[in-house]
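Below: the structure, in structure tokens.
A, B, ... follow the sequence lines: proteins, then strands. Residue 1 opens every chain.
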2 protein chains.
Amino acid sequence: MRENLSQQTAQRLYARIVAEKRLRPGDKLPNEVELSAQLGVSRATLREAIRTLAARGVLEVRRGRGTFVSARVEEIEDFGFGALEGVRGQLRDLFELRAIFEPQAAALACARADDRELADILDRGRAVEDCIRAGRDRTKADWEFHAAIVRATHNEFMTRLLPLIGQAVGTAVASGGHGARLAQDTLRDHALLMEFLERRDGAGAQHAMAIHMRHAMDEMDLQ
Amino acid sequence: MRENLSQQTAQRLYARIVAEKRLRPGDKLPNEVELSAQLGVSRATLREAIRTLAARGVLEVRRGRGTFVSARVEEIEDFGFGALEGVRGQLRDLFELRAIFEPQAAALACARADDRELADILDRGRAVEDCIRAGRDRTKADWEFHAAIVRATHNEFMTRLLPLIGQAVGTAVASGGHGARLAQDTLRDHALLMEFLERRDGAGAQHAMAIHMRHAMDEMDLQ
DNA sequence: ACGCAATAGTTATCAGACAACTTTTGCATT
DNA sequence: AATGCAAAAGTTGTCTGATAACTATTGCGT
């Protein structure tokens, strides 16, 4: 183990809530003295663990009353913490968000991209095509294509969503996407999309991107 | 002040990073003994504050080396901590994202909300109406209405966007939204929206929400 | 039945000590 | 002078035990 005791403790507590279900939403935790004894750590360490979970919205601390499991733990679910299980559900949610978000981003990009940005988008699109035709891995190229489109919206908050989307793409690949079928669809979808982008036809690009998202979700048996 | 000292301390530290810029991304904080003396709190309290910020990705603690401001603070900041100084540009970006996102969320909510969730949404909608008619501040009620809708999508990542939306609402109010005109629009928009929600008419709810977003943006001279 | 003070249960904060890890320093050996 | 290694300095990690402050309940007197 290389992690802090306090972080380990946070994970153990978290496991009691989401995995073991010994603690359910709304439940009250034992008081700090007792709980720290149960877990075999000092009260100070336990409190640091509690702070970590409280910052994530998993626990709610009420002075004089006790510490409680947040009523909406399930919806807060965060990465890097508990288990990669449920990836499938996360993946569906993530693609659902993309399916809403990226077609509109494509439309906005048509309206707002300057010439250099548009050229950049098209370059990256061609790079993806090359990868597919050459049979190389296209994960990175594909991601950069989508990222370039979103950046061209000139919307700060959309750009902030990029890392989230990057994770979606990464997970999708890891869980066995990228069949031959998807590759062919992607080739067609991108051609369509780039045609509209080049003409700065926002409505067209929006629909082309929507189709692209649908294909991706179908191929992965989402929705 | 009713907040914990440790939470207050977290906010003071956070302010040093994003507002005062006394600490920039990558910087090393003073060691814990010195910093706790500077801030006038015990080391234990400071450590709890650090845990809170570390959980949010603002700080990175490296044993034996020190505590550092995360290199990517700017990108991470979504949570409702400080820094409302997003000015007009951010506000436009934020509402643009909402305008894309919330209508679709409303449509999804129609399809997926269980009866209790739907009742909850309608309750909160009525609470907003009451606030407007009574001339009370409706900020909180309004946010809870929108939050209830988004939660009913049962989509984890949409729920994650909630804090962002909360910030949008907060900033909008702070920068002088909430004119009499907007109040009247909101009253009508919500009535329309709730009518469709109650009937679980997804397409209708989607358009009603889109109209609501447009009104809000118009009133604030965005777009 | 009511009001209110005492009490029990709980989190909040402090102080000081020692352990463990990382980087720098300085010295001995080659 | 260069190298390697041990000591030291700087830092976070953890523990202990005490006291303060807040909340809800209990029980008593009226």
- [ ] Calculate the interatomic distance between Asn31(A) atom CG and dC22(D) atom C1'; express it in whole Å.
- [x] 15 Å
- [ ] Figure out the CG/P separation between Leu29(A) and dT11(C), and round it to whole Å.
- [x] 8 Å
Open item on the list: What is the distance, to the nearest angstrom, from the CD atom on Glu34(B) to the P atom on dT11(D)?
Closed with: 8 Å
Task: Note: Glu48(B)-Arg43(A) ion pair, threshold 4.0 Å (strictly below) - done: no
Task: Length of the line joining Ile50(A):CD1 and dT11(C):C1', which is rounded to integer Å - done: 9 Å
TODO: Tell me which of Leu46(A) and Val61(B) sits closer to the 5' end of DNA chain D, going by the nucleotide each one is nearest to.
DONE: Val61(B)
Please list, one pair per line, the donor and acceptor atoms closer than 3.5 Å that link side chains of residues 126-135 of chain B to other protein atoms, with sequence neighbours excluded.
unit_1, atom_1, unit_2, atom_2, d
Arg126(B), NH2, Asp123(B), OD1, 3.1
Glu129(B), OE1, Arg133(B), NH2, 3.3

TODO: Flag the pair Arg151(A) and Glu117(A) as a salt bridge only when some basic side-chain nitrogen lies within less than 4.0 angstrom of an acidic carboxylate oxygen.
DONE: no
Task: Residue Asn4(A), side-chain atoms from C-beta onward, closest of dT11(C), dC15(D), dG13(D) - done: dG13(D)
TODO: To the nearest Å, give me how far apart CZ (Arg51(A)) and C1' (dT13(C)) are.
DONE: 11 Å
Open item on the list: Less than 4.0 angstrom between a side-chain N/O of Lys28(B) and OP1 or OP2 of dT11(D), yes or no?
Closed with: yes
Open item on the list: By nearest atom, which of the nucleotides dC15(D), dT12(D), dT13(C) is closest to the Glu48(B) side chain?
Closed with: dT13(C)
TODO: Report yes or no: do Ser6(B) and Thr9(B) form a side-chain donor-acceptor pair below 3.5 Å?
DONE: no
All N/O contacts under 3.5 Å from nucleotides 17-19 of chain C to the protein, with atom names and distances to one decimal?
unit_1, atom_1, unit_2, atom_2, d
dA17(C), N6, Arg43(B), NH1, 3.4

Open item on the list: For Asp120(A), is there an ion pair with Arg124(A) - N to carboxylate O distance below 4.0 angstrom?
Closed with: yes
Task: Separation of atom CD in Gln8(A) from atom C1' in dA20(C), rounded to whole Å - done: 14 Å
- [ ] Identify which nucleotide among dT12(D), dT13(C), dC15(D) has an atom closest to any side-chain atom of Thr45(B), counting heavy atoms from C-beta outward.
- [x] dT13(C)
Task: Cationic N near anionic O, under 4.0 Å, Arg51(B) to Glu32(B) - done: no
TODO: Give the nucleotide from the list dT14(D), dC14(C), dT11(C) with an atom nearest to the side chain of Leu5(A).
DONE: dT14(D)
Task: From dT10(C), dC14(C), dA12(C), nucleotide with atom closest to Glu32(A) side chain - done: dA12(C)
Task: Upstream residue (5' side of DNA chain D) when Gly64(A) and Arg47(B) are each assigned their closest nucleotide - done: Arg47(B)
Open item on the list: Tell me the interatomic distance from Leu39(A), atom CG, to dT14(D), atom P, rounded to whole angstroms.
Closed with: 13 Å
Task: N or O in side chain of Arg65(B) less than 4.0 angstrom from dC21(C) OP1/OP2 - done: no
Open item on the list: Regarding Val33(A), tell me which of base, sugar-phosphate or nothing describes its non-hydrogen contacts under 4.0 Å with the strands shown.
Closed with: nothing
TODO: Tell me whether the guanidinium CZ or amine NZ of Arg98(A) lies under 6.0 angstrom from the six-membered ring centre of Phe95(A) and within 45° of its axis.
DONE: yes
Open item on the list: Rounded to whole Å, please give me the gap between CZ in Arg62(A) and C1' in dA21(D).
Closed with: 18 Å
Task: Parallel, tilted or perpendicular, as decided by the 30° and 60° cut-offs, for the rings of His212(B) and His146(B) - done: parallel
Open item on the list: When you measure from the side-chain N and O atoms of Thr67(A) to the phosphate of dT11(C), is any distance below 4.0 Å, counting only OP1 and OP2?
Closed with: yes
